[in-house]
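Scroll down for the structure; my scribbles are underneath it.
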Amino acid sequence: MFSNKVQISLFVDDVKKAVDFWQSLDFAVIDSQETDGTLVVEIAPSEKAEMSFVLYDRNFIEKQSPDVATNPPQVIFFAENITDLYKKMENLPIEIGELIQMEETLVFNFVDPDGNYFAVSEA
């Protein structure tokens, strides 16, 4: 059986820049290591979250494992107070989509520095 813990690999152009981006959204750094001369950082919405991202340098992965797909997954976050989160993100230097109503749920999307799109849905 699968557990509730989920870890998602994100391949980014600049790991430090990506960490700064996610920290601006209040993500916590869970672990940070240098592996074979490249920085690898695990981040999560909180230190107790059961989902985390591991940020890898895209160029390093393409050189070490050219067969690994570097296309990002479609990730949907859920927010308890989506309106407050949206207002906070509007004031950050982040590309953000419109907050819209889809049936009975509010949703929006945003883009990270590498052009990856993420969705946010009302919990």
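In what follows, every heavy atom counts, from backbone to side chain, and hydrogens, waters and symmetry copies are set aside.
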I100 and V107: CA distance, side-chain angles, deciding distance, side-chain contact (heavy atoms from CB on, under 4.5 Å) verdict: CA-CA 5 Å; I100 61 171; V107 298; 3.6 Å; yes

Show me the donor-acceptor pairs, under 3.5 Å and distance only, between side chains in residues 74-82 and residues at least two apart or in other chains.
residue	atom	partner	partner atom	Å
N81	OD1	D84	N	3.2
N81	ND2	D84	OD2	2.9

Contact summary for L92 and S24, nearest pair of heavy atoms: CD1-O, 3.5 Å

Residue list, ring-ring contact (aromatic ring centres under 6.0 Å, His included) with F108, at least two apart or on another chain: Y86

Pairwise distance CG(L10) to CD(Q7) - rounded to 0.5 angstrom: 10.5 Å

Single-linkage hydrophobic cluster F60~V12, side-chain heavy atoms < 4.5 angstrom: no

Test side-chain contact (heavy atoms from CB on, under 4.5 Å) applied to V29 and V41, step by step: CA-CA 7 Å; V29 172; V41 179; 3.9 Å; yes

Co-membership, hydrophobic cluster, residues V15 and V40, 4.5 Å side-chain: no

Under 3.5 Å: donor-acceptor pair, side chain of D114, backbone of D13: yes

CA sep, side-chain torsions, deciding dist, call: F110, L25, side-chain contact (heavy atoms from CB on, under 4.5 Å): CA-CA 11 Å; F110 65 94; L25 299 177; 3.9 Å; yes

Test log, rule side-chain contact (heavy atoms from CB on, under 4.5 Å), inputs V6 and E50: CA-CA 6 Å; V6 176; E50 294 199 28; over 6 Å; no

Transitive ILVMFWY side-chain link I94 to W22, under 4.5 Å: yes

Side chain to side chain contact (heavy atoms under 4.5 Å, CB included) partners of E62, counting only residues at least two apart: R58, N59, T70

Single-linkage hydrophobic cluster, 4.5 Å side-chain cutoff, V120 and I8 together: yes

Q101 atom CD, over 12 foreign heavy atoms within 6.0 Å: yes

Residue pair Q64 / Y56, side-chain heavy-atom distance below 4.5 Å: no

Qualifying residues under side-chain hydrogen bond (donor to acceptor under 3.5 Å, both in side chains), relative to D26, sequence neighbours excluded: K88

Donor-acceptor contact present, side-chain E122 to main-chain L106, <3.5 Å: yes

Partners passing salt bridge (charged side-chain N to carboxylate O under 4.0 Å, His left out) against D31 (at least two apart in sequence or in another chain): none

Side chain to side chain contact (heavy atoms under 4.5 Å, CB included) partners of E47, counting only residues at least two apart: A28, I30

Between CD1 on residue I43 and CZ on residue F53, distance to nearest 0.5 Å: 6.5 Å

Set of residues satisfying side-chain hydrogen bond (donor to acceptor under 3.5 Å, both in side chains) with respect to N116, sequence neighbours excluded: D112

Distance (rounded to the nearest 0.5 Å) between K87 NZ and L99 CG: 9.5 Å

Inter-residue atom distance D14.CG - D20.CG, 0.5 Å rounding: 8.5 Å

ILVMFWY cluster, L85 and Y117 together (side-chain gap under 4.5 Å): no

By side chain to side chain contact (heavy atoms under 4.5 Å, CB included) - contacts of K5 (at least two apart): S3, E42, S52

N/O donor-acceptor pair under 3.5 Å between T38 side chain and T35 backbone: no

